[in-house]
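Because the structure is a prediction, the values reported are computed rather than measured.
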Amino acid sequence: MNQREQKRFFSQHLLEWYMRNKRDLPWRRHRNPYYIWVSEIMLQQTRVDTVIPYFNRFIEKFPTVEDLADAPEQDVLKCWEGLGYYSRARNLQAAAKQVKELHGGQVPDDKQSVFALKGVGPYTAGAVLSIAFNKPEPAVDGNVMRVLSRYFLIEEDIMKGSTRSFMEGLVVELIPEGRASDFNQALMELGALVCTPKSPHCLTCPVMEHCSARLEGVEESLPVKTKAKPPRPEYRVVALVEGTGEHSGKVLIRQRPQSGLLARMWELPHVQVPQSRSGRLPDEPAMDILTGALLDEGITARPEGYMMDAEHTFSHIHWNLQVYRCREENIPLAAESKEIYRLEHERSDEEAQVHQQRWITEEDMALYAFPNVFLKILKEHFKGQA
Ligand code: SF4
């Protein structure tokens with residue numbers, strides 16, 4: 001079989017298979033470009049099963065682009081809580097504002113306008129244009145590259161831009177006339193259900209007969225992919241500050257800075273500490289550091305003891321957290337004592353930055369968006385109080 005026939009076989013059999021086997025997913029029930037766009041953003045780095053309930057809640061709360069554009073940011077983040085990669089949610093809302101202002105609330109169907117939306121890269125643009133508008137645009141992600149690497153025995157590193165460009169060109173060639181929407185979804189579906197990263201299900205694969213990697217017996221060693229650098233470990237001590245007096249029964253939370261990692265989300269106060277040889281800092285120095293860090297934020301609290309360990313992985317950092325229970329001390333903090341503390345500890349004003357703070361009850365947790373790791377710690381705390 002020559003390559004032209006191999007390509008024709010692939011497109012035809014893959015499409016037939018998809019039409020018989022496609023999953024019933026909420027964003028597939030209508031060809032609403034806004035739904036498809038939201039689902040594609042949510043699906044980045046996230047499994048379909050995880051996304052479905054988030055997608056349903058999100059669309060219920062923000063049924064149109066305008067609803068999303070006009071919503072308070074904290075509501076959007078709250079709806080995204082637990083899904084991770086929160087910049088996706090912030091960018092999605094910023095892009096919804098663009099769509100509202102520049103396109104009258106209708107997701108545009110031309111390449112240039114879709115590309116200009118915040119948070120939309122080549123993959124998402126291709127997915128929206130092809131799935132929602134049936135435009136013959138490639139939507140090439142890791143799943144698609146895996147399938148193509150195997151079927152066509154492409155041994156180039158898929159982390160290279162040149163390999164991606166080559167594959168985008170290949171997909172354009174493979175899309176059958178007028179079937180971009182179904183074909184791109186079929187490719188994604190095959191990668192998700194059959195041509196899986198480990199132990200691909202070749203025996204049930206619709207294109208098995210002419211899959212080059214399978215015929216050569218090398219499907220398990222493709223695609224070729226250089227390993228990403230592992231996330232850098234960071235060690236942090238966290239304060240779960242229990243209130244006293246008027247704050248009795250409440251816990252102190254603070255808002256993260258306006259930009260950067262987890263921007264504007266809420267968390268428990270924490271501070272980075274040097275790594276000890278065992279990875280964990282002994283309790284005493286950890287508690288000292290924590291007392292100082294809280295003082296920097298205008299809080300007088302006494303660490304009472306270790307509560308739990310927790311961890312959180314970002315794409316480039318891995319947080320190892322040691323959580324300590326602390327108790328608020330109702331001593332009004334004189335400006336001078338704070339100044340003395342800073343001088344003693346040689347801290348600059350910038351280091352001693354003050355965050356926006358709130359004292360919250362268990363019920364108040366519903367009002368703020370927290371990264372998963374802090375949600376877990378707070379739940380653990382309030383469970384113990386019940
Ligand atoms: S035959 Fe196996 S390796 Fe080839 S595309 Fe199908 S599942 Fe993937």
Side-chain angles (χ1 to χ4, degrees), residues 1-25 27-28 31 36 39-40 43-44 47-49 51 122-160 162-225:
M1 179 177 260
N2 64 33
Q3 223 196 20
R4 224 168 114 207
E5 285 162 352
Q6 193 195 15
K7 285 178 185 168
R8 194 171 325 121
F9 177 90
F10 181 81
S11 301
Q12 185 193 332
H13 287 259
L14 178 59
L15 205 48
E16 285 171 7
W17 169 83
Y18 176 69
M19 298 319 283
R20 285 195 307 272
N21 294 287
K22 64 177 172 183
R23 286 172 292 179
D24 174 30
L25 302 174
W27 47 91
R28 281 188 182 156
R31 228 190 235 182
I36 289 159
S39 71
E40 285 301 335
L43 285 164
Q44 290 166 12
R47 293 166 52 87
V48 166
D49 295 349
V51 165
Y123 169 77
T124 310
V128 171
L129 290 166
S130 62
I131 300 174
F133 301 109
N134 205 24
K135 303 247 169 172
E137 291 291 335
V140 172
D141 67 353
N143 270 336
V144 169
M145 288 201 275
R146 181 172 63 253
V147 173
L148 297 177
S149 291
R150 288 173 175 171
Y151 184 82
F152 292 103
L153 198 62
I154 298 165
E155 289 172 304
E156 297 298 317
D157 183 354
I158 61 165
M159 297 301 277
K160 281 190 189 160
S162 55
T163 311
R164 175 182 289 271
S165 304
F166 172 75
M167 293 204 183
E168 285 171 347
L170 182 56
V171 170
V172 173
E173 276 182 57
L174 292 168
I175 295 176
E177 181 87 29
R179 301 297 303 274
S181 178
D182 287 330
F183 181 77
N184 274 354
Q185 291 184 83
L187 253 181
M188 296 168 191
E189 199 85 331
L190 191 77
L193 300 181
V194 180
C195 196
T196 45
K198 291 199 180 109
S199 318
H201 311 292
C202 299
L203 293 178
T204 57
C205 177
V207 296
M208 169 188 91
E209 213 180 310
H210 297 295
C211 171
S212 304
R214 189 187 120 76
L215 292 171
E216 301 261 325
V218 294
E219 66 274 12
E220 298 260 8
S221 51
L222 288 172
V224 175
K225 185 179 177 186

### Query
Does a side-chain N-to-carboxylate-O contact under 4.0 Å join Glu173 and Lys7?
yes
### Task
Please check if any side-chain donor atom of Tyr123 sits under 3.5 Å from a side-chain acceptor atom of Glu40, or the reverse.
yes
### Task
Could you tell me whether Glu189 and Arg28 have a side-chain N and a carboxylate O separated by less than 4.0 Å?
yes
### Task
Using the six-membered ring wherever Trp is involved, compare the ring planes of Tyr151 and Phe10 and label them parallel, tilted or perpendicular (cut-offs 30° and 60°).
tilted
### Message
For Gln185, is there any backbone N or O sitting under 3.5 Å from a side-chain donor or acceptor partner on Asp182?
### Response
no
### Query
Can any side-chain N or O of Asn143 pair as donor or acceptor with the backbone N or O of Leu187 at less than 3.5 Å?
no
### Message
Treating Thr163 as the side-chain partner and Asp157 as the backbone partner, does any N or O pair qualify as donor plus acceptor under 3.5 Å?
### Response
yes
### Query
Backbone N or O of Gly191 within a donor-acceptor pair of the Arg146 side chain at under 3.5 Å?
yes
### Expected output: side-chain Ser130 to main-chain Lys135 donor-acceptor under 3.5 Å
no
### Query
Quick one: does Ser149's side chain have a donor or acceptor within less than 3.5 Å of a partner on Pro223's backbone?
no
### Sidechain-backbone polar pair: Glu219 side chain, Arg150 backbone, donor-acceptor under 3.5 Å
no
#### Entry: Minimum heavy-atom distance Leu222-Ala213, with the two atoms named
CD1-CB, 3.9 Å
